[in-house]
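This one's a predicted model, so the numbers in the text were calculated from it and none came from an experiment.
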Amino acid sequence: MYHAFGVVMVVVATILVEEVLLGLALECDSSKLEPCVPFFEDGGPLPSPDSPCCENIQGQHGCFCGYLKDPKYCKYLVTPRVKDIGTACGVETPDLSSCSEYQGTCTQPSV
């Protein structure tokens, strides 16, 4: 009896862990950065927390290093302004210079 209960508990725990991990999977989409592009200009205003920019990047923290592969947005992400935008949106931005995807320059799109 106790053995069967133990087996059932292990199965239930495994299912719950898988559900949590699936829920935490990030859906990285660099086009979500598009509403933020105007805010990358030095001296310009920062986005408000309820702006489309902030709404789009919340939950994208784990995606920023991968976004460096997108030449359209890389040039913005490597500027100091990215930290200011992250702070304004309540999003912690990683030190992108430590990302393995960043080699010191942004790859230009091939024509």
Side-chain angles (χ1 to χ4, degrees):
M1 172 93 173
Y2 290 112
H3 178 71
F5 179 75
V7 169
V8 169
M9 291 306 295
V10 168
V11 170
V12 169
T14 302
I15 291 171
L16 289 175
V17 167
E18 287 179 12
E19 290 290 322
V20 168
L21 291 176
L22 287 174
L24 294 176
L26 288 176
E27 291 185 27
C28 298
D29 178 5
S30 62
S31 69
K32 289 188 175 204
L33 297 175
E34 189 64 35
C36 300
V37 169
F39 299 109
F40 282 101
E41 295 178 15
D42 282 334
L46 290 171
S48 62
D50 62 343
S51 69
C53 170
C54 290
E55 288 176 1
N56 280 1
I57 66 171
Q58 291 168 350
Q60 297 286 305
H61 177 265
C63 299
F64 286 112
C65 284
Y67 290 161
L68 291 172
K69 296 177 189 175
D70 188 331
K72 182 175 181 180
Y73 300 109
C74 179
K75 63 185 175 184
Y76 300 117
L77 294 175
V78 297
T79 66
R81 185 84 167 159
V82 74
K83 292 280 187 194
D84 297 333
I85 293 170
T87 300
C89 292
V91 175
E92 183 181 340
T93 54
D95 178 7
L96 298 174
S97 64
S98 65
C99 296
S100 62
E101 293 84 351
Y102 184 59
Q103 303 300 319
T105 61
C106 295
T107 306
Q108 294 301 314
S110 55
V111 183

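Between Phe64 and Tyr67, the ring-plane angle classifies as perpendicular under the 30° and 60° cut-offs.
Lys69 contributes atom NZ, which lies 11.0 Å from atom OG of Ser30 (distance to the nearest 0.5 angstrom).
In this structure, Asp70 and Leu33 have side chains that are not in contact, with every pair of non-hydrogen atoms separated by 4.5 Å or more.
Between Glu27 and Gln60 the shortest heavy-atom distance is O-NE2, 3.2 Å.
The existence of a salt bridge linking Arg81 and Glu41 is excluded, since no basic side-chain nitrogen approaches an acidic carboxylate oxygen closer than 4.0 Å.
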- From CA spacing to verdict: side-chain contact (heavy atoms from CB on, under 4.5 Å), Cys54, Asp50: CA-CA 6 Å; Cys54 290; Asp50 62 343; over 6 Å; no
- Just do the side-chain contact (heavy atoms from CB on, under 4.5 Å) check on Val37 and Tyr73 with the steps written out, would you? CA-CA 8 Å; Val37 169; Tyr73 300 109; 3.9 Å; yes
- Query: Does the pair Lys75 and Phe40 meet the rule for a side-chain contact (heavy atoms from CB on, under 4.5 Å), with working shown?
  - Reply: CA-CA 10 Å; Lys75 63 185 175 184; Phe40 282 101; over 6 Å; no
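Taking the side chain to side chain donor-acceptor pair (under 3.5 Å) definition, one finds that Ser51 meets it with nothing, sequence neighbours left out. Applying the side-chain contact (heavy atoms from CB on, under 4.5 Å) rule to Pro35 yields the partners Pro52, Cys53, Asn56; only residues at least two apart in sequence or on another chain are considered.
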Without placing hydrogens or testing angles, list every side-chain donor-acceptor pair under 3.5 Å for residues 84-93, not counting sequence neighbours.
| unit_1 | atom_1 | unit_2 | atom_2 | d |
| --- | --- | --- | --- | --- |
| Thr87 | OG1 | Lys83 | O | 3.0 |

